[in-house]
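Structure record follows, encoded as C-alpha coordinates.
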Amino acid sequence: MTTPMRPIYLDYNATTPVDPRVLDQMLPWFTEQFGNAASRTHLYGWEAEEAVAKARRQVAGLLGASEKEILFTSGATESNNLAIKGAYEAHSHRGSHFITVATEHKAVLDTFQHLEGWGAEVTYLQPAADGLITVEQVTEVLRPDTVLVSVMYANNEIGTIQPIREIGKLCRERGVLFHTDATQAVGKLPIDVDQDYIDLLSLSAHKLYGPKGVGALYVRRGVKLTAQQDGGRHERGLRSGTLNVPGIVGLGKACEVASTDMSTEAIRLAQLRDQLESSILGTVPNTRVNGNREYRLPNVTNISFGDVDGEQLLMNLNRVAVSSGSACTSASVEPSYVLKALGVPDDLAYASIRFSLGRFTTEEDIATAVAHVQEVVSRMRQGVQVK
Ligand SMILES: *Cc1c(COP(=O)(O)O)cnc(C)c1O
(Lines give C-alpha, C1' and ligand atoms only; values in the text may rest on other atoms or scores of the structure.)
Protein backbone atom coordinates (compact mmCIF):
# COMPACT_ATOMS: atom_id res chain seq x y z
CA MET A 1 0.00 0.00 0.00
CA THR A 2 1.21 3.45 -0.83
CA THR A 3 0.35 6.35 1.36
CA PRO A 4 -1.87 8.83 -0.45
CA MET A 5 0.00 11.85 -1.74
CA ARG A 6 -0.41 14.79 0.61
CA PRO A 7 -1.52 18.03 -1.02
CA ILE A 8 1.05 20.78 -1.53
CA TYR A 9 0.79 23.09 1.47
CA LEU A 10 0.04 26.65 0.37
CA ASP A 11 -1.77 27.80 3.49
CA TYR A 12 1.07 29.32 5.54
CA ASN A 13 -1.16 32.25 6.57
CA ALA A 14 -3.38 29.76 8.43
CA THR A 15 -0.45 28.20 10.26
CA THR A 16 3.16 27.22 9.68
CA PRO A 17 5.07 24.07 10.57
CA VAL A 18 7.53 24.41 13.43
CA ASP A 19 11.01 25.06 12.04
CA PRO A 20 13.38 22.19 13.00
CA ARG A 21 15.76 24.76 14.56
CA VAL A 22 12.88 25.94 16.74
CA LEU A 23 11.78 22.44 17.75
CA ASP A 24 15.35 21.59 18.67
CA GLN A 25 15.48 24.46 21.18
CA MET A 26 12.07 23.57 22.64
CA LEU A 27 12.56 19.88 23.36
CA PRO A 28 14.63 19.96 26.60
CA TRP A 29 12.04 22.25 28.20
CA PHE A 30 9.44 19.48 28.05
CA THR A 31 11.61 16.90 29.81
CA GLU A 32 14.79 17.42 31.88
CA GLN A 33 14.31 21.19 32.17
CA PHE A 34 10.64 21.18 33.08
CA GLY A 35 10.73 23.81 35.81
CA ASN A 36 8.13 26.46 36.54
CA ALA A 37 9.58 29.87 35.62
CA ALA A 38 7.93 31.27 38.75
CA SER A 39 9.74 28.85 41.10
CA ARG A 40 12.33 31.08 42.74
CA THR A 41 13.71 28.49 45.18
CA HIS A 42 15.66 26.01 43.05
CA LEU A 43 17.62 25.38 39.87
CA TYR A 44 14.61 24.06 37.92
CA GLY A 45 12.82 27.36 38.32
CA TRP A 46 15.91 29.51 37.77
CA GLU A 47 16.82 27.87 34.48
CA ALA A 48 13.24 28.15 33.20
CA GLU A 49 13.16 31.81 34.22
CA GLU A 50 16.45 32.38 32.40
CA ALA A 51 15.11 30.67 29.24
CA VAL A 52 12.01 32.89 29.31
CA ALA A 53 14.20 35.98 29.77
CA LYS A 54 16.26 35.00 26.71
CA ALA A 55 13.08 34.50 24.65
CA ARG A 56 11.83 37.91 25.77
CA ARG A 57 15.04 39.47 24.44
CA GLN A 58 14.68 37.57 21.15
CA VAL A 59 11.06 38.73 20.63
CA ALA A 60 11.93 42.30 21.63
CA GLY A 61 14.90 42.24 19.25
CA LEU A 62 12.71 41.47 16.25
CA LEU A 63 10.42 44.44 17.04
CA GLY A 64 12.97 47.04 18.13
CA ALA A 65 11.40 46.90 21.59
CA SER A 66 12.83 46.51 25.07
CA GLU A 67 12.45 43.13 26.77
CA LYS A 68 10.42 44.71 29.57
CA GLU A 69 7.75 45.60 27.03
CA ILE A 70 7.00 42.00 25.96
CA LEU A 71 4.22 39.97 27.61
CA PHE A 72 3.75 36.31 26.76
CA THR A 73 0.21 35.11 26.01
CA SER A 74 -1.50 32.09 24.47
CA GLY A 75 -1.53 33.65 20.99
CA ALA A 76 -2.68 36.63 18.98
CA THR A 77 -6.35 36.15 19.89
CA GLU A 78 -5.53 36.62 23.55
CA SER A 79 -3.12 39.47 22.81
CA ASN A 80 -5.81 41.32 20.85
CA ASN A 81 -8.35 40.77 23.64
CA LEU A 82 -5.94 41.99 26.29
CA ALA A 83 -4.87 45.06 24.30
CA ILE A 84 -8.38 46.20 23.41
CA LYS A 85 -10.38 45.23 26.51
CA GLY A 86 -7.46 46.14 28.74
CA ALA A 87 -7.27 49.62 27.20
CA TYR A 88 -11.03 50.08 27.48
CA GLU A 89 -10.98 49.33 31.20
CA ALA A 90 -7.83 51.27 32.03
CA HIS A 91 -8.76 54.42 30.09
CA SER A 92 -12.50 54.77 30.71
CA HIS A 93 -11.85 58.15 32.33
CA ARG A 94 -10.74 59.43 28.91
CA GLY A 95 -13.73 58.17 26.98
CA SER A 96 -15.01 55.07 25.28
CA HIS A 97 -14.66 55.70 21.55
CA PHE A 98 -12.59 53.28 19.47
CA ILE A 99 -11.60 53.10 15.80
CA THR A 100 -10.88 49.99 13.77
CA VAL A 101 -11.29 48.62 10.23
CA ALA A 102 -13.97 46.37 8.73
CA THR A 103 -11.35 43.95 7.37
CA GLU A 104 -9.66 43.17 10.70
CA HIS A 105 -9.31 39.58 11.92
CA LYS A 106 -12.27 38.22 13.88
CA ALA A 107 -10.13 38.27 17.03
CA VAL A 108 -10.24 42.07 16.78
CA LEU A 109 -13.76 42.55 15.38
CA ASP A 110 -15.42 40.22 17.87
CA THR A 111 -13.52 41.86 20.73
CA PHE A 112 -14.84 45.26 19.66
CA GLN A 113 -18.34 43.82 19.42
CA HIS A 114 -17.91 42.71 23.02
CA LEU A 115 -16.82 46.25 23.97
CA GLU A 116 -19.95 47.65 22.35
CA GLY A 117 -21.90 45.45 24.74
CA TRP A 118 -19.95 47.08 27.58
CA GLY A 119 -20.99 50.52 26.28
CA ALA A 120 -18.12 51.48 23.98
CA GLU A 121 -18.69 53.26 20.69
CA VAL A 122 -16.72 51.78 17.80
CA THR A 123 -16.13 53.31 14.37
CA TYR A 124 -15.42 50.76 11.62
CA LEU A 125 -13.49 52.27 8.71
CA GLN A 126 -14.28 50.89 5.26
CA PRO A 127 -11.25 50.16 3.07
CA ALA A 128 -11.04 51.11 -0.60
CA ALA A 129 -11.50 48.41 -3.26
CA ASP A 130 -7.79 47.55 -2.94
CA GLY A 131 -8.08 46.89 0.81
CA LEU A 132 -6.22 49.99 1.95
CA ILE A 133 -7.37 52.63 4.38
CA THR A 134 -5.83 56.10 4.51
CA VAL A 135 -4.55 58.19 7.37
CA GLU A 136 -7.10 60.85 6.32
CA GLN A 137 -9.92 58.41 7.05
CA VAL A 138 -8.59 58.00 10.57
CA THR A 139 -8.15 61.78 11.00
CA GLU A 140 -11.78 62.35 10.04
CA VAL A 141 -13.21 60.10 12.74
CA LEU A 142 -10.79 60.83 15.62
CA ARG A 143 -12.57 62.47 18.56
CA PRO A 144 -11.46 63.96 21.87
CA ASP A 145 -12.87 60.85 23.60
CA THR A 146 -11.12 58.35 21.30
CA VAL A 147 -9.15 55.92 23.45
CA LEU A 148 -7.52 53.62 20.93
CA VAL A 149 -7.13 53.00 17.21
CA SER A 150 -6.59 49.39 16.10
CA VAL A 151 -5.40 48.72 12.54
CA MET A 152 -3.87 45.43 11.47
CA TYR A 153 -0.37 45.59 10.00
CA ALA A 154 -1.11 43.21 7.12
CA ASN A 155 -4.27 41.35 6.23
CA ASN A 156 -4.34 37.57 6.57
CA GLU A 157 -6.60 36.97 3.53
CA ILE A 158 -5.26 39.39 0.93
CA GLY A 159 -1.92 40.45 2.42
CA THR A 160 -2.60 44.19 2.13
CA ILE A 161 -0.18 46.26 4.25
CA GLN A 162 -1.79 49.30 5.87
CA PRO A 163 -0.01 52.68 6.24
CA ILE A 164 0.91 51.86 9.84
CA ARG A 165 3.60 54.51 10.33
CA GLU A 166 1.38 57.41 9.23
CA ILE A 167 -1.54 56.21 11.34
CA GLY A 168 0.75 55.63 14.31
CA LYS A 169 2.21 59.11 13.99
CA LEU A 170 -1.24 60.68 13.87
CA CYS A 171 -2.32 58.77 16.98
CA ARG A 172 0.82 59.79 18.85
CA GLU A 173 0.23 63.47 17.97
CA ARG A 174 -3.35 63.22 19.22
CA GLY A 175 -2.48 61.31 22.37
CA VAL A 176 -4.51 58.27 21.29
CA LEU A 177 -3.29 54.71 21.85
CA PHE A 178 -2.34 52.79 18.71
CA HIS A 179 -2.70 48.99 18.58
CA THR A 180 -1.79 46.81 15.61
CA ASP A 181 -2.52 43.13 15.06
CA ALA A 182 0.80 42.35 13.40
CA THR A 183 0.33 38.58 13.41
CA GLN A 184 0.80 38.28 9.65
CA ALA A 185 3.57 40.86 9.41
CA VAL A 186 5.95 39.69 12.13
CA GLY A 187 8.70 37.63 10.54
CA LYS A 188 7.71 38.74 7.03
CA LEU A 189 8.30 42.50 7.20
CA PRO A 190 10.83 44.55 9.17
CA ILE A 191 8.96 46.14 12.09
CA ASP A 192 10.18 48.80 14.49
CA VAL A 193 7.70 49.78 17.17
CA ASP A 194 9.39 53.17 17.69
CA GLN A 195 9.61 54.17 14.03
CA ASP A 196 6.00 53.03 13.53
CA TYR A 197 4.70 54.81 16.70
CA ILE A 198 3.11 51.55 17.89
CA ASP A 199 1.88 51.35 21.51
CA LEU A 200 0.46 47.83 21.48
CA LEU A 201 1.29 45.00 19.05
CA SER A 202 -0.08 41.45 18.88
CA LEU A 203 1.79 38.48 17.44
CA SER A 204 1.51 34.70 17.35
CA ALA A 205 4.24 32.04 17.22
CA HIS A 206 2.47 29.62 14.90
CA LYS A 207 2.38 32.12 12.05
CA LEU A 208 6.18 32.40 12.09
CA TYR A 209 7.39 28.80 12.36
CA GLY A 210 6.91 28.53 16.10
CA PRO A 211 4.44 26.36 18.02
CA LYS A 212 0.69 26.87 18.36
CA GLY A 213 -0.79 28.23 21.57
CA VAL A 214 1.80 30.89 22.34
CA GLY A 215 2.09 34.53 21.38
CA ALA A 216 3.02 37.90 22.74
CA LEU A 217 1.73 41.39 23.30
CA TYR A 218 4.12 44.31 23.04
CA VAL A 219 3.10 47.02 25.52
CA ARG A 220 4.96 50.30 25.24
CA ARG A 221 6.50 51.47 28.50
CA GLY A 222 4.03 53.65 30.36
CA VAL A 223 0.92 52.36 28.54
CA LYS A 224 -1.69 51.28 31.08
CA LEU A 225 -3.84 48.19 30.60
CA THR A 226 -6.20 46.32 32.92
CA ALA A 227 -5.52 42.59 33.20
CA GLN A 228 -8.18 40.36 31.71
CA GLN A 229 -7.16 37.27 33.64
CA ASP A 230 -6.56 37.21 37.38
CA GLY A 231 -4.35 34.89 39.36
CA GLY A 232 -0.71 34.65 40.34
CA ARG A 233 0.23 38.04 38.85
CA HIS A 234 2.65 36.65 36.27
CA GLU A 235 3.85 38.93 33.48
CA ARG A 236 3.86 42.10 35.60
CA GLY A 237 0.35 41.31 36.78
CA LEU A 238 -1.04 41.71 33.28
CA ARG A 239 -1.38 38.04 32.40
CA SER A 240 -1.63 35.56 35.21
CA GLY A 241 -0.98 31.89 34.55
CA THR A 242 2.07 29.61 34.60
CA LEU A 243 4.24 30.38 31.60
CA ASN A 244 4.38 27.92 28.68
CA VAL A 245 8.16 27.65 28.85
CA PRO A 246 8.75 25.32 25.83
CA GLY A 247 6.35 27.39 23.74
CA ILE A 248 7.97 30.67 24.79
CA VAL A 249 11.45 29.27 24.05
CA GLY A 250 10.11 28.26 20.61
CA LEU A 251 8.64 31.71 19.97
CA GLY A 252 11.95 33.30 20.95
CA LYS A 253 13.94 31.09 18.61
CA ALA A 254 11.42 31.64 15.79
CA CYS A 255 11.93 35.41 16.20
CA GLU A 256 15.71 35.03 16.17
CA VAL A 257 15.57 32.95 12.98
CA ALA A 258 13.24 35.51 11.40
CA SER A 259 15.63 38.37 12.29
CA THR A 260 18.44 36.74 10.32
CA ASP A 261 16.49 35.06 7.48
CA MET A 262 13.62 37.47 6.83
CA SER A 263 15.12 39.67 4.13
CA THR A 264 16.38 36.83 1.91
CA GLU A 265 13.28 34.76 2.54
CA ALA A 266 11.00 37.65 1.55
CA ILE A 267 12.79 37.98 -1.79
CA ARG A 268 12.60 34.25 -2.50
CA LEU A 269 8.91 34.04 -1.56
CA ALA A 270 7.95 37.12 -3.56
CA GLN A 271 9.60 35.57 -6.63
CA LEU A 272 7.74 32.30 -6.18
CA ARG A 273 4.48 34.11 -5.44
CA ASP A 274 4.86 36.29 -8.53
CA GLN A 275 5.58 33.20 -10.60
CA LEU A 276 2.41 31.52 -9.31
CA GLU A 277 0.33 34.63 -9.78
CA SER A 278 1.52 35.57 -13.26
CA SER A 279 1.25 31.97 -14.49
CA ILE A 280 -2.36 31.72 -13.34
CA LEU A 281 -3.37 35.19 -14.54
CA GLY A 282 -1.60 34.61 -17.85
CA THR A 283 -3.09 31.22 -18.66
CA VAL A 284 -6.44 31.04 -16.88
CA PRO A 285 -8.92 33.50 -18.39
CA ASN A 286 -11.23 35.59 -16.22
CA THR A 287 -9.03 35.72 -13.12
CA ARG A 288 -8.06 38.72 -11.01
CA VAL A 289 -6.05 39.47 -7.91
CA ASN A 290 -7.76 40.85 -4.80
CA GLY A 291 -6.10 43.56 -2.75
CA ASN A 292 -3.36 46.06 -3.50
CA ARG A 293 -0.48 44.36 -5.31
CA GLU A 294 2.18 46.85 -4.28
CA TYR A 295 1.51 47.17 -0.55
CA ARG A 296 1.30 43.44 0.06
CA LEU A 297 2.98 40.66 2.02
CA PRO A 298 5.59 38.86 -0.09
CA ASN A 299 4.09 35.38 0.41
CA VAL A 300 0.42 35.71 -0.52
CA THR A 301 -1.86 36.13 -3.49
CA ASN A 302 -5.65 36.03 -3.40
CA ILE A 303 -7.15 35.22 -6.80
CA SER A 304 -10.79 35.27 -7.94
CA PHE A 305 -11.83 32.79 -10.62
CA GLY A 306 -14.81 33.90 -12.72
CA ASP A 307 -17.32 31.44 -14.22
CA VAL A 308 -16.80 28.64 -11.70
CA ASP A 309 -18.69 27.60 -8.61
CA GLY A 310 -16.61 28.55 -5.59
CA GLU A 311 -17.45 25.61 -3.35
CA GLN A 312 -16.76 23.12 -6.13
CA LEU A 313 -13.54 24.88 -7.05
CA LEU A 314 -12.16 24.49 -3.53
CA MET A 315 -13.24 20.83 -3.47
CA ASN A 316 -11.69 20.09 -6.84
CA LEU A 317 -8.38 21.73 -5.97
CA ASN A 318 -7.51 18.66 -3.93
CA ARG A 319 -3.79 18.56 -4.69
CA VAL A 320 -3.15 21.88 -3.03
CA ALA A 321 -3.94 22.86 0.55
CA VAL A 322 -5.34 26.39 0.16
CA SER A 323 -8.20 28.35 1.63
CA SER A 324 -10.95 30.74 0.70
CA GLY A 325 -12.08 33.26 3.27
CA SER A 326 -15.52 31.69 3.29
CA ALA A 327 -16.89 30.77 6.68
CA CYS A 328 -19.13 27.81 7.32
CA THR A 329 -22.02 28.66 9.59
CA SER A 330 -24.51 26.05 10.70
CA ALA A 331 -26.91 26.87 7.89
CA SER A 332 -24.77 27.95 4.96
CA VAL A 333 -21.38 28.97 3.61
CA GLU A 334 -20.81 32.71 3.87
CA PRO A 335 -18.41 34.43 1.47
CA SER A 336 -15.35 36.16 2.95
CA TYR A 337 -16.31 39.33 4.81
CA VAL A 338 -12.93 40.78 3.85
CA LEU A 339 -13.61 40.40 0.12
CA LYS A 340 -17.16 41.66 0.61
CA ALA A 341 -15.77 44.80 2.30
CA LEU A 342 -13.65 45.34 -0.83
CA GLY A 343 -16.81 45.21 -2.93
CA VAL A 344 -16.11 41.82 -4.51
CA PRO A 345 -19.49 40.37 -5.60
CA ASP A 346 -20.64 37.28 -3.69
CA ASP A 347 -20.23 34.76 -6.52
CA LEU A 348 -16.66 35.91 -7.15
CA ALA A 349 -15.89 36.03 -3.43
CA TYR A 350 -16.92 32.38 -3.12
CA ALA A 351 -14.61 31.56 -6.04
CA SER A 352 -11.56 33.29 -4.54
CA ILE A 353 -8.56 31.33 -3.38
CA ARG A 354 -5.81 32.43 -1.02
CA PHE A 355 -2.44 30.94 -1.89
CA SER A 356 0.04 31.60 0.91
CA LEU A 357 3.61 30.41 0.53
CA GLY A 358 6.27 29.85 3.14
CA ARG A 359 9.72 28.71 4.18
CA PHE A 360 9.37 25.19 2.82
CA THR A 361 7.65 26.03 -0.47
CA THR A 362 9.76 24.98 -3.49
CA GLU A 363 9.80 26.00 -7.14
CA GLU A 364 8.55 22.53 -7.98
CA ASP A 365 5.58 22.98 -5.63
CA ILE A 366 4.64 26.13 -7.51
CA ALA A 367 4.94 24.50 -10.93
CA THR A 368 2.77 21.57 -9.80
CA ALA A 369 0.21 23.87 -8.19
CA VAL A 370 -0.07 26.04 -11.30
CA ALA A 371 -0.61 23.02 -13.57
CA HIS A 372 -3.24 21.65 -11.19
CA VAL A 373 -5.13 24.95 -11.03
CA GLN A 374 -5.06 25.31 -14.82
CA GLU A 375 -6.40 21.79 -15.30
CA VAL A 376 -9.12 21.98 -12.65
CA VAL A 377 -10.46 25.36 -13.76
CA SER A 378 -10.46 24.52 -17.44
CA ARG A 379 -12.26 21.21 -16.83
CA MET A 380 -14.82 22.93 -14.64
CA ARG A 381 -15.47 25.55 -17.26
CA GLN A 382 -15.88 22.89 -19.92
CA GLY A 383 -18.38 21.21 -17.65
CA VAL A 384 -16.25 18.07 -17.44
CA GLN A 385 -16.53 16.04 -14.26
CA VAL A 386 -13.28 16.43 -12.36
CA LYS A 387 -11.98 13.29 -10.70
C1 LIG B 1 -3.92 33.84 13.00
C2 LIG B 1 -4.28 35.25 13.28
C3 LIG B 1 -4.80 35.63 14.53
C4 LIG B 1 -5.07 34.62 15.64
O5 LIG B 1 -3.89 34.13 16.16
P6 LIG B 1 -3.90 32.91 17.20
O7 LIG B 1 -2.54 32.88 17.75
O8 LIG B 1 -4.21 31.70 16.38
O9 LIG B 1 -4.93 33.19 18.22
C10 LIG B 1 -5.07 36.95 14.74
N11 LIG B 1 -4.87 37.88 13.79
C12 LIG B 1 -4.39 37.55 12.58
C13 LIG B 1 -4.17 38.62 11.57
C14 LIG B 1 -4.09 36.23 12.28
O15 LIG B 1 -3.61 35.93 11.08
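Remember, it's 1-based here, ligands and their atoms both numbered in the order they're listed. Excluded from the calculations below are hydrogen atoms, water molecules and symmetry mates; all remaining heavy atoms, backbone and side chain alike, are included.
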Task: For Phe34, the rest of its hydrophobic cluster, which grows through side-chain links under 4.5 angstrom - done: Tyr44
Open item on the list: Tell me which residues fall inside the under-4.0 Å heavy-atom shell around ligand 1.
Closed with: Gly75, Ala76, Thr77, His105, Met152, Asn156, Asp181, Thr183, Gln184, Ser204, His206, Lys207
Task: Candidates Leu217, Leu203, Leu63 - the one meeting side chain to side chain contact (heavy atoms under 4.5 Å, CB included) with Ile70 - done: Leu63
- [ ] List, by chain and then residue number, the residues other than Phe360 in its hydrophobic cluster (Ile/Leu/Val/Met/Phe/Trp/Tyr, side-chain heavy atoms under 4.5 Å); write none if there are no others.
- [x] Tyr9, Tyr12, Tyr209
TODO: Please determine if Lys85 forms a cation-pi arrangement with Phe112, meaning its NZ or CZ atom is less than 6.0 Å from the six-membered ring centre and no more than 45° off the ring axis.
DONE: no
Open item on the list: The criterion is side-chain hydrogen bond (donor to acceptor under 3.5 Å, both in side chains); which residues satisfy it with Asp181, sequence neighbours excluded?
Closed with: Asn80, Thr183
Open item on the list: Could you see if Leu208 belongs to whatever hydrophobic cluster contains Ile198? Use Ile, Leu, Val, Met, Phe, Trp, Tyr and a side-chain cutoff under 4.5 Å.
Closed with: yes
